[in-house]
Undergrad: 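Dumping the structure here so I can ask a few things about it.
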Amino acid sequence: MIDSQDRIALGKTDIMISPMGIGTWAWGDRIYWGYGRNYSEPEVRTAFETSLNAGINFFDTAEIYGQGHSERILGQFVREMSSSEDVNLIIATKFYPYPWRIWSKSLKFAIEGSLKRLQIDSIDLYQIHYPYPPVSIETWASALADTVEDGLARTVGVSNYNSSQMRRAHTVLVKRDVLLASNQVNYSLLNRKIEKNGLLKLCHELGVSCIAYSPLAQGALTGKYSPQKPLSGIRGRIYSAKLLSQAEPLLRLMREIGRAHDGKTLSQVALNWVICKGAIPIPGVKNHQQTQENIGALGWRLRVDEVLALDQASDRLG
């Protein structure tokens, strides 16, 4: 159980979040995750309730997840919460810079749509989903600042920005007296690009929270898959049977380390590693069981030598 003293600041803001959040991409997404086939609203509802009961208060969604369905589901759950549940829920969502969104006012229309689907008056963290052209980094950053000034968002962030792009957004926001709270990026033991290219270090230097999506490599680090039982669909092309074969020494080490910590699972070791790196993992969950297992990543820490050993095993993947 996470209590208030375990919470951490989101960037340099006064918004306090649990050291691990919940990603809701799979809530309503039929194409990539298969929502409505093996799981649906009852299952994700239990994931939401299990998270709250454990003290997790940070939930991340986006307007494109299930074409807005993820926001609607999360908004419904929040709306149905009992008034006695004092969890200080923190909601994050994202603006998608479609190529036809060429005016800065598009962002205001988008956040208003997200607020309606989420059934709330203000978003705690509003993010740019990708740094896509043709609109400049500076234009969207200024539009983010507008949302704070208009009271539509408490704070703002970016997602999938490299170091240069993040600096540019940060510079614009500083001039508007608005904090850049976060940069949400792909980060796991199977994807450590942000360590290699200096982005993680820059986040720490600027006081920008690094939010790690896909911290379990979309399931590849859970132990549920192997070269003989690879991931299916698009996930199987990203995390191929060949990669799973190359990762077997890393997974063996993770199991060994997990046993040394009272039988922690692969998922729990992978998530704890992200936390030890100074990032905030937001694993996706579909049901109570997945949520409960992920919660087991909290309340303990890998030793420094164990983090180093995992780093070295990860480095050998090339």
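Here the structure is a predicted model, which means the values were calculated and not measured.
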Undergrad: Could you give the distance from OH (Tyr35) to CG (Asp29), rounded to the nearest 0.5 Å?
TA: 11.0 Å
Undergrad: Within the side chain of Asn57, is there an N or O that forms a donor-acceptor pair under 3.5 Å with the backbone of Ile90?
TA: no
Undergrad: Does a donor on one side chain sit under 3.5 Å from an acceptor on the other, for Thr222 and Ser267?
TA: no
Undergrad: Give a yes-or-no answer on whether the side chains of Glu80 and Gln76 include a donor-acceptor pair shorter than 3.5 Å.
TA: yes
Undergrad: Asn186 and Ser214: side-chain donor and acceptor closer than 3.5 Å?
TA: no
Undergrad: Tell me if a side-chain donor or acceptor on Ser245 pairs with a main-chain N or O of Ala241 at a distance below 3.5 Å.
TA: no
Undergrad: Could you pull out all donor-acceptor pairs under 3.5 Å where a side-chain atom in residues 249-258 meets a protein atom, sequence neighbours excluded?
TA:
none

Undergrad: Check for a donor-acceptor pair, side chain of Trp27 on one end and backbone N or O of Val285 on the other, with a separation under 3.5 Å.
TA: yes
Undergrad: Looking at Trp300, I want to see if its CH2 is surrounded by more than 12 non-hydrogen atoms of other residues, nucleotides or ligands under 6.0 Å.
TA: yes
Undergrad: Are Tyr239 and Asn191 close enough that a side-chain donor and a side-chain acceptor fall under 3.5 Å?
TA: no
Undergrad: Run through Ile123, Leu107, Leu115 and flag the one making a side chain to side chain contact (heavy atoms under 4.5 Å, CB included) with Leu152.
TA: Leu115
Undergrad: Give a yes or no on this: more than 12 heavy atoms of other residues, nucleotides or ligands lie within 6.0 Å of atom NZ of Lys196.
TA: yes
Undergrad: If the plane angle is over 60° it's perpendicular, under 30° parallel, otherwise tilted; pick one for Phe48 and Phe77.
TA: tilted
Undergrad: Does a sphere of radius 6.0 Å around CD in Glu112 hold more than 12 heavy atoms from other residues, nucleotides or ligands, not counting ones at 6.0 Å or beyond?
TA: yes
Undergrad: Would a distance-only check, ignoring hydrogens and angles, find a side-chain to backbone donor-acceptor pair under 3.5 Å from Ser106 to Arg101?
TA: no
Undergrad: Assess, by modelled atom type and distance only, whether the side chains of Arg154 and Ser122 contain a donor and an acceptor separated by less than 3.5 Å.
TA: no
Undergrad: Check for a donor-acceptor pair, side chain of Thr46 on one end and backbone N or O of Glu43 on the other, with a separation under 3.5 Å.
TA: yes
Undergrad: Suppose we call two aromatic rings close when their centres sit under 6.0 Å apart. Are Tyr213 and Trp25 close by that rule?
TA: no
Undergrad: How would you list, by chain and number, every residue that makes a ring-ring contact (aromatic ring centres under 6.0 Å, His included) with Phe58, sequence neighbours excluded?
TA: none
Undergrad: Checking side-chain polar atoms at under 3.5 Å, does Glu71 have a donor or acceptor matched by the opposite partner on Ser114?
TA: yes
Undergrad: When you compare the side chains of Gln127 and Tyr161, does any donor N or O come within less than 3.5 Å of an acceptor on the partner?
TA: no
Undergrad: Can you tell me how the ring of His129 sits relative to the ring of Tyr65, calling it parallel under 30°, perpendicular over 60° and tilted otherwise?
TA: perpendicular
Undergrad: Is the shortest heavy-atom distance from the side chain of Lys175 to the side chain of Thr171 under 4.5 Å?
TA: yes
Undergrad: Check the side chains of Thr139 and Ser142 for a donor-acceptor pair under 3.5 angstrom, ignoring hydrogens and angles.
TA: no
Undergrad: Before you tell me yes or no, could you show the steps for Lys277 and Glu195 under salt bridge (charged side-chain N to carboxylate O under 4.0 Å, His left out), namely the whole-Å CA-CA distance, both residues' side-chain angles and the distance that decides it to 0.1 Å?
TA: CA-CA 9 Å; Lys277 290 288 186 173; Glu195 285 185 60; 3.3 Å; yes
Undergrad: Are there more than 12 heavy atoms of other residues, nucleotides or ligands under 6.0 Å from atom CG of Asp305?
TA: yes
Undergrad: Testing Thr61, Asp60, Asn160 for side-chain hydrogen bond (donor to acceptor under 3.5 Å, both in side chains) with Lys94, which one passes?
TA: Asp60
Undergrad: Give me the atom names and distance for the closest heavy-atom approach of Asn197 to Ser163.
TA: O-OG, 4.2 Å
